[in-house]
Amino acid sequence: MAATYATAGAGRPAHAARGGGMSDRAFAWALIAPAMAIILVFALVPLGYAVMVSFRMADLTRGGLREFVGLDNYRTVLFDQSFWESIAVTLKFTVAAVGLEMILGIAIAFLLHGATHGKTIVRSILILPLATAPAVTGLFWRNLYDPQFGVINWLLGSLGLPEPNWLGDIDIALWSVVLFDVWQWTPFVALIALAGLSSLPREPFEAAELDGASTWRVLRVLTFPMLAPVLFLVLILRTIDSLRLYDAVAVLTRGGPGTVTETMTFYLFRTGLKLFRMDYASTMAIFFLYALLVASVFALRPLLKQFTERAQAQN
Amino acid sequence: MTFSQAWDAGFMAVLIFLGTVFAWLGLVEPVIGRGLLSTVLMTLVALGLGGAFVAHRKRRARKLLESVR
Amino acid sequence: MLQRPVHPAFSTLRYALILLVVLFAAFPIFWMILTSFKPPGDIMVSPPRLFFSPTLDNYVHAIVDKDFLRYVTNTLIVSVISTVFVVVLGSLAAYSFARYNTGDGHILFFILSTKMFPAIAVVLPYFLIFRDIGRTGIGQFLQIGLDKPGALIISYTMFNLPFAIWLLVSFFQDIPRELEDSARLDGLSRLKVLRKVVLPLAAPGIAVTAIFTLIFCWNEFLFAYILTRKTWSTVTVGVESFFTLQGILWGPVAAAATLAVLPMLLFVLAMQRWMVRGLTFGAVRG
Amino acid sequence: MIRSALLGGVAAACLVTPALACEDADRVPLTWSTIAGFYTDAMADLVAGFEATHCAKVNIVNIDNSQLYNKQVIEMVGATGAYDIVTLETSEKADFAENGFILPMTDYLADKQELLNDVAPVLATMTTRYNGDIWGLPYYTYTAGFIYRADLFEDAGEKEAFKAKYGYDLAVPTDWQQHRDIAEFFTRKAGETLKGEPLAKDFYGVGLMAGPFPEIQDELSGPIWGAGADWLDDEGNVQTAAVEKALTDYIELLKFAPPAALTVTYDGVMNQMKDGQIAMTHGFFLDQWPNAATTEQSVPGARMGVAEAPGKKAYIGGFLLAVAESSAHPEEAMDFVAYIGGPEAQKKFAAAGGTTTLTSVLNDPELTAPENRAKTGHFGTLRQIFQSMDGFQSNLFNTPYGAKIYNTMQIPLQSAAAGQTTAAEAATRLTDEVAKICGGPCPIAKGE
């Protein structure tokens with residue numbers, strides 16, 4: 001993926017000593033065979049189907065798969081205004097949601113790390129938002145967000161604060177969806193960051209403390225670099241999931257008001273499963289996959305380099 | 001050039017090829033209009049860029065090999 | 001980490017902030033559970049009522065009329081089996097990547113890239129594939145057709161393997177190689193080493209992966225909605241039966257949601273111990 | 001009380017028919033996909049009635065109204081035979097018929113002419129006929145009228161204040177200008193008085209369904225058809241000017257509606273009515289009357305009225321029962337459709353609060369007796385609507401792309417209502433979207 005990892009020419013130290021190198025390689029490939037069998041079939045078949053459909057005219061309610069149209073679908077999607085608008089909404093959502101979740105998550109992790117007692121209770125409460133399905137609690141948040149009957153506006157009203165129309169106001173509808181996503185996923189980041197924190201070895205910190213390093217220096221020099229791999233993995237996973245956001249939008253705002261909260265996947269759902277234009281839907285999916293692949297070739301480079309180097313170092 | 005390097009270069013070349021095709025459809029075609037000519041031109045340019053990248057990677061690998069020996 | 005004596009005012013601020021975080025996380029769930037006991041007259045009213053005469057009608061409606069417990073059991077069966085598949089297949093693959101660098105990172109990249117394809121574009125091919133499998137003999141035997149558990153189990157395994165493998169690779173790489181080498185020198189076969197030495201050490205990490213996989217299966221909506229019809233619908237699809245022409249029955253929805261949260265919560269609390277040790281995988285390294 | 005008396009009568013009729021010689025083993029399995037939570041108890045009665053007289057076992061699959069269309073199409077495209085009887089919105093009939101997803105029932109209903117004639121003619125043409133065939137029977141109509149707080153309209157103080165301000169008497173609005181004036185008149189802040197008493201919370205003149213749901217175009221259909229226009233002209237192009245005009249008036253009206261209007265659909269408006277927050281509705285589904293009538297219990301002194309929509313034109317249609325082409329038992333499925341659409345089941349259904357499609361049941365003296373006002377108070381208005389809209393047809397329901405247009409219209413319309421775009425931009429955007437769906441002008445096949 002990124003730069004080649006195997007140092008050219010050095011090759012791997014032969015370790016025939018351990019009962020024949022060949023059986024090691026065979027063993028390694030045998031280990032991944034079952035998982036790869038499922039992934040290959042259930043990833044490549046639909047991808048192949050989507051690529052094939054993206055070159056043809058396919059409207060399920062107009063005779064299904066029809067004639068070959070070359071790159072016309074790609075041209076139509078490229079010049080589709082709603083498509084680009086939904087990409088803008090998706091990017092806005094991802095940057096806001098993932099940014100907030102990482103900052104708040106790490107802050108909460110530090111908060112809890114320093115706490116002496118009550119950590120387990122707090123940790124189990126934090127898992128609560130995660131244990132509920134967005135399709136179910138998202139529905140309930142629609143009740144909370146109701147301008148007239150909702151609890152949030154009642155609390156704000158009794159404090160004299162303004163009572164916003166959370167899901168109806170074009171300026172704040174997207175931030176209401178972000179708030180729901182932050183509520184659900186910040187604990188995920190916090191729990192993983194907290195675990196990372198509590199797993200750091202003691203010695204370097206005690207040494208730093210002896211020579212009186214300021215907290216900020218310890219954070220910058222010691223804590224964050226050591227936490228980087230775990231946090232980086234969480235960041236990648238949250239970004240991919242936020243870019244594919246569908247459940248929250250489908251339940252809270254259905255893309256409304258207007259198209260203010262219509263993310264890419266929701267527009268894709270509407271095109272594919274409401275208009276049944278599978279050709280446009282597949283083409284959009286391919287654009288989405290392509291963009292993510294290009295981004296992750298660079299984004300995954302450090303993590304992959306770390307995995308492969310640690311794997312080789314131990315051979 | 002090890003298989004891993006070849007695979008990596010190949011994958012990046014495919015991404016470059018597709019990138020040029022999409023860029024061409026989006027930016028160049030509205031200017032010079034559609035048609036067989038523009039499609040052939042597009043494919044050539046895309047293949048050229050991809051091939052250039054693979055060649056670049058081959059040269060870099062060979063240079064790295066010499067420096068190690 | 002830092003064990004320096006902390007100024008008392010600073011620590012009260014810390015606990016105040018923690019309280020705020022806990023309130024923010026728990027309030028919506030608390031309000032949902034509260035609503036699940038409210039009679040219909042007290043739900044959609046302004047201002048919202050905190051005090052009311054609690055009733056169990058919503059739970060009766062959800063469990064008896066709408067047979068919601070069947071949805072919970074469906075989801076439990078599908079999620080647990082998928083999690084088992086993901087953990088077993090994921091651990092084997094992750095160990096291979098962590099220890100033998102199979103595919104030199106390229107296969108790992110491919111695995112994660114399968115998560116980048118939007119589920120919506122995949123759901124129709126899956127629908128057609130499982131329809132055809134369901135019509136074959138083996139399909140019926142293995143229960144893999146439409147509105148059958150097999151369809152969801154395979155889809156959920158497919159969709160959660162990438163995340164599980166990446167998480168497990170980092171866990172496996174934190175297990176020092178020396179332990180394995182010494183076991184190999186004692187004559188254990190590679191498989192025995194994996195089973196006897198590596199897996200027990202990585203157990204906490206595997207537990208964490210299992211918990212998050214179960215959560216992701218439990219929360220999934222789109223595949224459950226398309227691939228099932230009635231007998232095997234899951235919780236997220238079952239909630240639809242509370243949408244009526246008079247609108248959403250908020251009481252029963254709250255009751256159903258509370259019923260849906262309980263199994264997950266009990267499971268996570270039980271696994272709490274593993275989670276802590278799992279996520280502190282570094283302890284062995286320290 | 002009314003239901004038991006009626007059910008007793010109907011049950012007696014059942015016993016008279018010879019006991020059905022049919023063991024459970026060889027009952028034909030039929031699956032009916034319909035709207036989730038729709039009068040679930042009444043449904044059980046209807047299905048039980050059918051199973052008593054037919055050797056079949058009916059399995060009801062409940063699907064959320066907003067997902068019904070795409071879930072049914074997927075099963076039809078997959079030809080899985082999962083659903084034997086499907087429930088179609090009026091705009092979806094042409095789509096399903098054109099694609100061969102459903103079977104024509106013209107021959108089956110040939111000898112059941114009296115049943116067809118019992119369905120209100122305008123409803124029959126609109127819901128059952130397409131391309132010269134009959135595709136099923138409607139069993140539930142959501143025809144729209146006008147629901148209002150009669151106690152406010154007849155309050156002496158309010159009538160006087162209204163006459164002083166607008167120069168004409170406060171009464172049920174006969175056109176959309178009067179409707180707007182009344183909406184403005186009744187919109188008041190907390191603290192002002194309503195019927196002489198000070199208001200505890202803000203009060204709004206009208207409840208609108210301006211949320212991200214298809215119901216926003218149902219409301220807009222009233223003013224558009226009232227102005228003599230239609231969503232699509234006879235050549236299949238969107239009448240952009242008419243849409244823009246109706247949208248502009250609608251946006252003006254939004255000022256007199258609760259802020260939640262932009263997020264709710266019919267159930268939200270009913271909650272607002274029952275919580276005493278609005279004085280009246282726009283063109284509103286009369287099948288919600290039993291729901292609206294409960295306002296008389298939840299709001300002290302409230303009395304509900306029902307009438308035809310301003311300009312005597314509002315959204316009209318019904319849910320059609322059709323037989324899936326991939327059904328394994330088309331014959332029994334057609335019996336089911338005829339039974340549910342027939343008088344016996346419709347009577348039971350009306351007794352349970354459902355809105356029937358048969359004129360005979362609408363005129364049934366026992367059902368429409370005053371003491372059943374809470375459940376059937378709207379039947380009289382429905383009869384008036386079917387008369388005044390007789391012979392009316394909308395091109396939206398006569399194009400095979402009707403369902404897809406219907407599922408996309410709400411996006412540009414709601415953008416304008418929410419202020420994201422202007423009415424003109426929304427009208428042009430709708431025109432472009434429809435042209436894209438139909439690939440040019442939309443083919444219109446007249447209903448006959």
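What you see is a predicted model; the values in this text were computed from it and never measured. Chain letters run A, B, ... following the sequence lines, proteins first, then strands; residues in each count from 1.
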For this session: Could you tell me whether Phe117(C) and Phe288(A) have their ring centroids closer than 6.0 angstrom?
Result: no
Exercise. Which value, rounded to the nearest 0.5 Å, describes the distance between Leu144(A) atom CG and Phe27(C) atom CZ?
Worked result: 7.0 Å
Seminar exercise, completed: What one should report as the nearest heavy-atom pair of Ile240(A) and Met116(C) is CD1-CE, 4.3 Å
Exercise. Relative to the ring of Phe216(C), is the ring of Phe188(A) parallel (under 30°), tilted (30 to 60°) or perpendicular (over 60°)?
Worked result: tilted
Problem set entry | Interatomic spacing from CD1 in Ile111(C) to CD1 in Ile32(A) - rounded to 0.5 Å | 7.0 Å
Problem set entry | Main-chain N/O of Tyr100(C) paired with Arg25(A) side-chain donor or acceptor, under 3.5 Å | no
For this session: Report yes if the side chains of Ser296(A) and Phe109(C) come closer than 4.5 Å at any heavy-atom pair, otherwise no.
Result: yes
Exercise. Counting only N and O atoms by type, is there a donor-acceptor contact under 3.5 Å from the side chain of Asn219(C) to the main-chain atoms of Leu130(A)?
Worked result: yes
For this session: Could you tell me the separation between the CD1 atom of Ile39(A) and the CG atom of Leu161(C), rounded to the nearest 0.5 Å?
Result: 4.5 Å
Problem set entry | Per-residue contact mode, Asn153(A) against chain C (heavy atom under 4.5 angstrom) | neither
Problem set entry | Gln173(C) side chain vs Arg310(A) backbone, donor-acceptor pair below 3.5 Å | no
For this session: Between chain C and each of Ala35(A), Pro204(A), Ala135(A), count heavy-atom pairs under 4.5 Å; write down the option with the most.
Result: Ala35(A)
For this session: Indicate, with yes or no, if the rings of Phe42(A) and Tyr126(C) have centres closer together than 6.0 Å.
Result: yes
Problem set entry | Interatomic distance, Asp24(A) atom CG to Arg99(C) atom CZ [nearest 0.5 angstrom] | 11.5 Å
Exercise. Hey, what do you get for CG (Leu222(C)) to CG (Asp247(A)), rounding to the nearest 0.5 Å?
Worked result: 7.5 Å
